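Note sheet for the following structure.
Predicted, not measured: the structure shown is a model, and the values here were computed from it.
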Amino acid sequence: MERSHYNGTLRLADVGTKVTLVGWVSKRRNLGSIVFIDLRDRSGIVQVNVDPAKINIDSVRNEYVIQVKGTVEAKEVPNKNLPTGEIEVVADEVVVVNSADTTPLIIADDTDALEDTRLKYRYLDLRRPCLQRNLMIRHKITQAVHEYLDNNDFIEVETPILTLSTPEGARDYLVPSRVHKGHFYALPQSPQISKQLLMVGGLERYYQIARCFRDEDLRADRQPDFTQIDIETSFLDQDQFLTLMEGLIQNIFRKARGIEIELPLRRMEYNDAVEIYGSDKPDTRFDLKLQDLKEVFKNTTFEGFKVQYVKGIVVNDVADKTSRKNIDELVDLAKKFGLKGLTTLKVVEGKLEGSFLKFMSEEEQSSLMSTLNLKNNDLVIIAASDSQHHCCFGLGAIRSFYAKKLNLIKPDTFDLLWVVHWPMFEYSEEQQRYVSAHHPFTRPCDEDLHLLDEDPSKVYAQAYDIVINGYEAGGGSLRIYDRSVQQKIFEVLGFSQEDIQRKFGFFIDAFKYGTPPHGGMAFGLDRLTMILAGTDNIRDVIAFPKNLSAVCPMSQAPGVVDEQQLKDLGIAITEFEK
RNA sequence: GGACCAGUGGUGUAGCGGUUAACAUGCCUCCCUGUCACGGAGGAGAUCGCGAGUUCGAUUCUCGUCUGGUCCGCCA
């Protein structure tokens with residue numbers, strides 16, 4: 001089709017130019033003997049001026065596809081809201097290329113349609129400039145990845161989508177085999193096994209923009225199929241690797257948004273993140289740190305405080321605005337994180353106030369005042385638990401709650417840090433055994449190896465997460481390449497020799513033949529795009545996302561299939577609850 | 001698996017134990033030469049998600065159910 005310019009690129013310098021434009025009718029303004037059309041294409045909108053006495057466009061409606069031939073002219077009164085606002089195209093000819101029914105949603109950034117409607121008509125939703133911008137940012141991120149990693153000797157390798165189900169970890173999406181009835185492929189939760197085998201295969205530096213699949217419940221920032229920037233390297237220690245990755249992050253921010261990130265990035269120990277920020281992915285754009293109160297309450301008479309962890313946060317200048325109802329909200333929030341309750345105190349006229357005072361001695365009160373450096377109108381929120389997880393994460397949630405409520409976060413600011421030195425294992429009460437905090441191939445810290453026998457809970461791993469604005473934007477680890485260490489880890493996890501052979505047989509075998517020290521990480525491309533696009537909804541950065549019940553509102557996937565298809569696969573549907 | 005919130009013209013919302021179910025936007029017709037979310041006049045368009053219950057009467061109250069959203073569990 002004939003087309004001379006992108007609509008959104010025309011400027012004052014183009015005045016006098018004969019142009020041929022194509023696009024969608026974004027808006028038609030009929031003033032009687034003059035008609036204006038806002039013509040939209042991917043690049044933006046330009047105003048077309050039509051004289052209805054010469055050109056009949058009575059039939060043209062919103063979202064018609066048209067071709068316009070005309071001349072660029074300067075406007076008498078520019079429209080400052082539009083990049084093309086200083087000019088308009090005076091039409092000589094308008095060709096209706098295709099008509100359009102009335103759309104179920106308004107095609108504009110400030111559409112009023114609910115997300116469900118938008119997803120049902122996603123192809124219309126995608127015409128909105130903000131979504132096109134998001135997908136453009138996503139594209140720029142992947143281009144920045146290709147560029148940087150290629151410059152640093154990485155090679156892109158594709159790994160199988162039809163793989164073997166991996167034990168541990170998330171629930172797999174399964175694909176039945178027609179050739180081998182009763183056997184199933186699994187879609188990869190990540191190319192973890194493949195990329196480590198590529199290191200055994202001597203590729204040294206691998207990457208892939210990899211689609212991953214996890215059959216778990218969804219969230220605002222989680223989709224069942226999502227994309228990782230998947231990376232693995234050989235012969236690098238943790239520092240060398242993180243430094244290499246920092247360059248990648250820098251290039252991504254620069255190319256996708258023109259933002260300069262200062263290197264090196266801060267590195268925070270996992271334990272500090274949890275104890276000080278109440279999160280393993282702390283947002284350090286605001287303060288509100290957790291403070292340890294174990295010492296203050298060391299002689300407490302209150303049973304609830306005779307526990308391992310007593311911590312508090314201080315919110316300045318809100319005590320007088322905090323009602324009983326507000327406190328109840330906080331307690332509800334804390335309960336979600338396994339806390340039984342919260343203790344709150346207010347500072348009024350230099351003195352603590354609150355029903356909890358009856359459990360506090362004079363010394364405790366003054367000790368609390370000085371430890372927390374309390375001032376008038378401060379609100380003190382205290383949590384106590386034998387579980388570090390419950391105490392810290394509960395307060396961490398309250399910390400985030402207040403950051404949002406009090407607007408403590410400046411928009412369009414970026415806070416990047418590494419969380420390093422993660423625990424190797426977590427104890428699963430449910431399974432009554434240790435489970436991997438990361439995965440079973442994570443390399444323990446050398447200095448902790450001797451603890452594998454005596455106390456696995458004290459063993460830390462050479463693992464790291466990149467945290468941006470409180471989001472886990474990626475994570476990884478160095479991997480075990482010593483077979484005796486790997487054997488030891490399996491023992492701690494309680495796997496028998498048969499388990500190991502059955503679950504990881506071919507993988508473990510590969511490590512017999514000269515495995516290089518290796519490690520890597522994966523960035524969540526969707527989350528990275530969310531952060532750089534400034535949205536908190538993962539669906540805003542994915543072209544065709546699924547809703548919270550893992551359904552595509554547009555195609556209605558997943559669907560039922562023909563009887564014959566099931567027969568071919570040797571599959572029978574048994575009764576199930578809807 | 002669980003908690004909470006929402007479901008009313010095409011779209012987004014308001015409302016209320018008895019209404020002609022309101023508003024905005026979109027749509028249709030007409031008027032308008034400088035709009036840019038144009039303006040003006042008129043019009044069409046809703047069995048108030050579904051089922052049961054309470055009631056003389058339910059869109060409104062109750063219960064159930066379905067759908068959507070946010071979160072907890074889960075996501076090595």
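Between the side chain of A/N49 and the base of B/G34 there is at least one donor-acceptor pair of N/O atoms closer than 3.5 Å. A donor-acceptor contact under 3.5 angstrom links the side-chain atoms of A/K75 to the base of B/C36. Evaluation of atom-type donor-acceptor distances gives no pair under 3.5 Å for the side chain of A/N62 against the base of B/G26. Side chain A/E88 to base B/G34: a donor-acceptor pair is found below 3.5 Å.
A salt bridge does not link A/D283 with A/K404: none of the charged nitrogens is closer than 4.0 Å to a carboxylate oxygen.
Between B/C75, B/U35, B/G68, one nucleotide has an atom nearer to the side chain of A/R29 than all others, and that is B/U35. For A/N30, the listed nucleotide lying nearest its side chain is B/C32; candidates were B/C32, B/G34, B/G73. Of the candidate nucleotides B/U70, B/C74, B/C36, B/C74 has the atom nearest to the side chain of A/R222. With B/G1, B/G10, B/G12 as the choices, the nucleotide that has an atom nearest any side-chain atom of A/D217 turns out to be B/G1.
Heavy-atom neighbours of A/Y185 OH from other residues, nucleotides or ligands within 6.0 Å: at or below the threshold of 12.
Put simply, the side chain of A/W418 reaches to within 4.5 Å of the side chain of A/I466, judged on heavy atoms.
The side chain of A/R40 contributes no N or O atom lying less than 4.0 Å from OP1 or OP2 of B/C36.
Checking B/G68 for Watson-Crick or G-U wobble geometry (two distances, each under 3.5 Å) identifies B/C5 as its partner. Across all strands shown, nothing is found opposite B/U60 as a Watson-Crick or G-U wobble partner with both distances under 3.5 Å.
Nucleotides B/G51 and B/G15 have their P atoms positioned 25 Å apart, rounded to a whole Å.
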Give me, pair by pair, the N or O atoms of the protein and of nucleotides 3-6 of chain B that are less than 3.5 Å apart, along with how far apart they are.
none

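For the salt bridge (Lys or Arg N to Asp or Glu O under 4.0 Å) condition, the pairs that include at least one residue of residues 47-68 of chain A, sequence neighbours left out, are A/R40-A/E63, A/E63-A/R127.
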